[in-house]
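We're numbering straight along the sequence, starting at 1.
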Amino acid sequence: MTSPLVDAAWLAGHLEGVVLADIRWSVTGGTAEAERAFESGHIPTAVLFDVDRDLAAQPFDGPGRHPLPRPEVFARTLSAAGITDDVLVVAYDDVQGSLAARLWWMLDVTGRRAALLDGGLPSWGGARETGPGRARATSTPVARPWPSERVAAAEDVIVALGGATGVVLDARAPERYRGEVEPIDPAGGHIPGSRNAAWTGNLDADGHFLPPTVLRQRYDALGVRSGDGTIAHCGSGVTTCHDLFAMRLAGLGDARLYEGSWSDWLSDPTRPIATGAEPGSLG
């Protein structure tokens with residue numbers, strides 16, 4: 001396998017050779033709702049990962065609503081799922097990869113093997129399991145730090161925009177970027193100078209990733225020539241990873257994740273906010 005994207009046909013022939021990770025998140029029902037959704041039907045052999053419980057630390061125990069967990073905590077999470085340091089993990093969700101990409105990114109930046117299922121759960125035409133999933137033997141993965149060259153803070157965003165040294169992308173929906181609605185964070189709008197690259201724009205009408213050449217054209221139009229110097233964010237650093245994955249597919253290399261994203265930017269009331277469709281500037 002040379003691409004980090006696999007389809008349902010490939011997966012059907014490799015279920016016993018991978019660890020299949022089913023990623024769930026409920027904005028209102030928490031982990032209990034994520035568990036109920038998983039238990040109502042998942043791809044056979046899959047193990048549940050809840051975004052809040054497994055892929056993030058406590059809100060604002062670090063930058064933003066979904067700060068990265070401490071490396072040793074993440075290693076324990078992988079151990080409980082039976083994930084060794086050399087196994088291929090295929091992640092999927094039922095929301096077009098917007099959650100699964102978070103686990104892909106966390107595994108990828110720590111040097112582990114990971115892929116996404118193109119089209120997610122809806123693309124799976126085979127039987128589904130119900131219930132809590134199968135028990136797995138624990139493993140002993142090594143705690144690996146989050147590499148500084150793949151993670152950005154607010155100060156890095158300010159430097160990139162202030163010195164015009166890179167592109168800053170905002171993966172949220174256009175209406176949130178424009179400041180017309182904000183269902184989660186205290187205020188709408190965007191970081192002045194950031195460009196809207198809504199994660200949904202990486203997909204075709206059926207919820208599958210666009211071809212690499214088309215993705216490259218998309219990011220080229222946004223000013224991205226390579227991942228180097230590019231920083232991406234969203235509301236809390238989860239759906240951002242969809243853009244990071246798409247840039248990898250497009251052959252653009254690795255951009256950085258602004259870990260705290262918009263929720264972290266708002267934590268400092270002195271930081272400026274822009275509204276409307278245009279990027280604006282820091283001043």
Side-chain angles (χ1 to χ4, degrees), residues 1-6 18-19 21 23 25 49 51-57 61-79 81 83-93 97-117 139-157 160 166-169 171 197 199 202 209 215 219 224 226-261 264:
M1 189 193 75
T2 58
S3 171
L5 189 66
V6 302
V18 305
V19 172
I23 318 303
W25 181 62
F49 280 78
V51 171
D52 289 335
R53 180 190 63 198
D54 301 317
L55 304 184
D61 185 15
R65 285 186 284 107
H66 284 121
L68 293 169
R70 294 190 304 276
E72 63 272 18
V73 173
F74 185 51
R76 289 197 296 269
T77 297
L78 297 181
S79 174
I83 294 174
T84 60
D85 282 333
D86 59 351
V87 72
L88 173 63
V89 178
V90 178
Y92 74 88
D93 57 37
S98 60
L99 304 178
R102 169 79 167 202
L103 178 60
W104 168 83
W105 182 89
M106 293 170 72
L107 293 168
D108 184 74
V109 300
T110 54
R112 298 176 170 105
R113 300 171 63 211
L116 287 188
L117 173 61
S139 63
T140 54
V142 176
R144 299 177 181 177
W146 308 113
S148 58
E149 67 273 14
R150 300 283 294 276
V151 182
E155 293 73 18
D156 300 308
V157 172
V167 177
V168 176
L169 302 179
W199 65 268
N202 299 319
F209 277 90
L215 288 171
Y219 286 96
V224 178
S226 73
D228 293 345
T230 300
I231 299 173
H233 73 282
C234 58
S236 64
V238 175
T239 58
T240 313
C241 298
H242 202 279
D243 276 3
L244 299 174
F245 184 85
M247 282 185 271
R248 172 74 70 78
L249 281 184
L252 293 168
D254 297 317
R256 285 189 291 171
L257 168 71
Y258 173 17
E259 180 183 356
S261 288
D264 174 65

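Within the 4.5 Å cutoff, the side chain of V238 has no heavy atoms near those of the S98 side chain. Looking at heavy atoms from C-beta onward, L169 lies out of side-chain contact with W199 at the 4.5 angstrom threshold. At a threshold of 4.5 Å between non-hydrogen side-chain atoms, the residues D108 and P4 do not count as touching. Side-chain contact between F49 and T77: present, with at least one pair of heavy atoms (C-beta onward) separated by less than 4.5 Å. Contact annotation: the side chain of L5 approaches that of F245 to within less than 4.5 Å [non-hydrogen atoms, C-beta and beyond]. Between D254 and R150, the closest side-chain pair of non-hydrogen atoms falls below 4.5 Å. The closest side-chain heavy-atom distance from R112 to V89 is not below 4.5 Å. Residues W25 and H66 form a side-chain contact, since some pair of their non-hydrogen atoms from C-beta on lies under 4.5 Å apart.
Residue-environment remark: CZ (R70) stays at or below the threshold of 12 foreign heavy atoms within 6.0 Å.
R53 is linked by a salt bridge (Lys or Arg N to Asp or Glu O under 4.0 Å) to E35, counting only residues two or more places apart in sequence or in another chain. The ring pair (Phe, Tyr, Trp, His ring centres under 6.0 Å) search around F74 returns W146, not counting sequence neighbours.
Taking CD1 of I23 as the start and CG of L116 as the end, the distance is 9.0 Å to the nearest 0.5 Å. Taken to the nearest 0.5 Å, the CD atom of E72 stands 13.5 Å off from the OG atom of S79. Rounded to the nearest 0.5 Å, atoms CG (L244) and CG (L249) are 11.5 Å apart. Put simply, CG on N202 and CG on D243 are 5.0 Å apart, with the number rounded to the nearest 0.5 Å. Atom OH of Y92 sits about 12.5 Å away from atom CG of L99, to the nearest 0.5 Å.
In this structure, V19 and V87 approach most closely via the heavy-atom pair CG2-CG2, 3.9 Å. Considering all non-hydrogen atoms of both residues, C241 and G237 come closest at SG-O, 3.8 Å. The minimum heavy-atom distance linking D61 with A57 is given by the pair O-CB, 4.2 Å. Heavy atoms only, all atoms of each residue included: G64 and D264 are closest at N-CB, 3.9 Å. For A171 against T239, the heavy-atom pair with the smallest separation is CB-O, 4.2 Å. Considering all non-hydrogen atoms of both residues, M247 and T230 come closest at SD-CG2, 4.2 Å.
Between L78 and the choices L107, D85, T84, the side chain to side chain contact (heavy atoms under 4.5 Å, CB included) rule is met once, by L107.
For the pair T240 (side chain) and A232 (backbone), a donor-acceptor distance under 3.5 Å is absent. In this structure, S261 contributes its side chain and H233 its backbone to no donor-acceptor pair below 3.5 Å. Put simply, the side chain of E259 gets close to the backbone of L68: a donor and an acceptor are under 3.5 Å apart.
For R113 and D86, the salt-bridge test fails: no basic side-chain N is under 4.0 Å from an acidic carboxylate O.
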**Asked** After noting the C-alpha distance and the side-chain angles of V51 and R102, does the key distance pass the side-chain contact (heavy atoms from CB on, under 4.5 Å) rule?
**Response** CA-CA 8 Å; V51 171; R102 169 79 167 202; 5.5 Å; no

